[in-house]
K.L.:
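Let me give you the structure first, and then I'll get to my questions.
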2 protein chains.
Amino acid sequence: MTISARVHYAALAMAELAARQDDIAPVSIREITDRHGVPGPFLVQILRTLRAAGLVESIRGSHGGYRLAADASTLTLLDIAEAMGCQENGCRTEATPTPADEMLQEIWREAAEASRDVLASKRLIDMVDQVKHGDSSMFYI
Amino acid sequence: MTISARVHYAALAMAELAARQDDIAPVSIREITDRHGVPGPFLVQILRTLRAAGLVESIRGSHGGYRLAADASTLTLLDIAEAMGCQENGCRTEATPTPADEMLQEIWREAAEASRDVLASKRLIDMVDQVKHGDSSMFYI
DNA sequence: TCTATACTTGACTATCTTGATCATGTTAAT
DNA sequence: ATTAACATGATCAAGATAGTCAAGTATAGA
């Protein structure tokens with residue numbers, strides 16, 4: 001579970017979409033780049049990935065934009081991280097692993113699982129609530 | 001806590017040294033590469049790093065080799081991972097983080113901490129015992 | 001002292017991943 | 001028709017990762 005800028009940006013974008021889940025109009029890329037400092041063309045790529053993973057849906061044309069594909073109460077940071085292709089960081093499996101190799105692999109797996117558990121416990125909706133209550137200027141400038 | 005091949009190899013080498021902690025003769029690079037499939041010149045580089053971190057000491061000259069610098073009961077996988085420069089995978093801090101940024105950073109930190117805790121709980125000596133009892137042919141061909 | 005063994009050091013290379021950017025095409029509202 | 005906005009594919013620079021190479025230094029033993 002390596003957290004790259006990609007994942008961080010993806011989480012920000014998803015949080016923004018979650019905060020405006022009940023709006024009629026979808027959220028445009030421009031709006032997201034304005035509020036969070038995500039580079040525009042890069043965000044396009046990220047949203048494409050999220051869309052391919054089925055986490056968001058896009059509305060094309062004028063007044064188009066993005067919208068969550070599922071309810072924010074069912075989505076977690078783990079879903080986002082996995083959608084962005086975060087790989088389990090057990091290192092490459094060898095052709096003929098020794099017992100010591102296998103024991104270590106098991107430990108790396110266990111460590112990765114611990115991270116995953118943390119991310120799986122963070123629901124998108126809770127994050128949005130937390131930020132909104134801490135500072136409501138967050139999502140609406 | 002991204003686990004690279006470097007860290008995996010480092011852990012194998014440290015386990016080998018731990019298993020032979022009470023031997024009179026130090027362990028040579030050649031012996032480690034023979035037993036585990038670590039590429040020789042690469043292992044040199046890894047041991048250099050472990051030495052710089054103070055985890056092993058080297059004996060030069062004929063019949064030279066490497067030896068643990070501390071007791072295997074005090075060393076954990078976390079010590080090894082950190083010695084090999086595993087970086088905390090909270091992604092780069094931004095100049096002016098928003099509240100949402102900060103909340104996410106805190107979560108990434110929490111996830112990384114969970115991995116660290118797992119690695120910190122794995123003592124080198126326990127790993128050696130485990131492998132030895134499971135299959136004693138491990139460390140001595 | 002000579003020699004073989006083994007560590008020391010520093011430089012070097014290929015490949016992959018990450019973090020982007022750009023140009024061009026397509027869709028839909030007005 | 002025009003315009004706002006997404007869609008797609010190509011491209012690119014920088015850094016990390018995995019691994020190699022060559023030349024030097026130290027020590028044991030004959």
K.L.:
Tell me the ring pair (Phe, Tyr, Trp, His ring centres under 6.0 Å) pairs involving residues 40-65 of chain B, sequence neighbours left out?
P.N.:
B:Y9-B:F42

K.L.:
Is B:K122 salt-bridged to B:D126, going by a charged N under 4.0 Å from an acidic O?
P.N.:
no

K.L.:
Would you check if B:L68 and B:L55 make a side-chain contact, meaning some heavy-atom pair closer than 4.5 Å?
P.N.:
no

K.L.:
Could you tell me how far apart A:L17 (CG) and D:dC6 (P) are, to the nearest whole angstrom?
P.N.:
11 Å

K.L.:
Among residues 55-64 of chain A, which contact DNA chain D at a heavy-atom distance under 4.0 Å?
P.N.:
A:S58, A:I59, A:R60, A:G61, A:S62, A:H63, A:G64

K.L.:
So, OP1 or OP2 of D:dA18: does either fall under 4.0 Å of a side-chain N or O from B:Y9?
P.N.:
no

K.L.:
Would you say A:L77 ends up clustered with A:L75 if hydrophobic residues are merged whenever their side chains have heavy atoms under 4.5 Å apart, either directly or through other cluster members?
P.N.:
yes

K.L.:
If you find the nucleotide of DNA chain D closest to B:R6 and the one closest to A:I29, which residue's nucleotide is nearer the 5' end?
P.N.:
A:I29

K.L.:
Just how far, in rounded Å, is P of C:dA29 from CD1 of A:I24?
P.N.:
15 Å

K.L.:
Give the residues of residues 38-49 of chain B touching DNA chain D, defined as any heavy atom closer than 4.0 Å, sorted by residue number.
P.N.:
B:P39, B:P41, B:F42, B:Q45

K.L.:
Between D:dT3 atom C1' and A:R30 atom CZ, what is the distance in whole Å?
P.N.:
15 Å

K.L.:
Could you check how far NE2 of B:H8 sits from C1' of D:dA18, rounded to whole Å?
P.N.:
14 Å

K.L.:
Would you tell me if any nitrogen or oxygen in the side chain of A:S28 comes within less than 4.0 Å of OP1 or OP2 on D:dA4?
P.N.:
no

K.L.:
Nearest-Å distance, CZ (A:R67) to P (D:dC6)?
P.N.:
12 Å

K.L.:
With a 4.0 Å cut-off on N to O distance, would you call B:R35 and B:E16 a salt bridge?
P.N.:
yes

K.L.:
So among A:T49, A:V44, A:L50, which one has a side chain to side chain contact (heavy atoms under 4.5 Å, CB included) with A:L47?
P.N.:
A:L50

K.L.:
Do B:R123 and B:T76 have side-chain atoms, one donor and one acceptor, less than 3.5 Å apart?
P.N.:
no

K.L.:
Are B:H8 and A:D101 linked by a side-chain donor-acceptor pair shorter than 3.5 Å?
P.N.:
yes

K.L.:
Between B:Q21 and B:R67, is there a side-chain donor-acceptor contact under 3.5 Å, judged purely by atom types and distance?
P.N.:
no

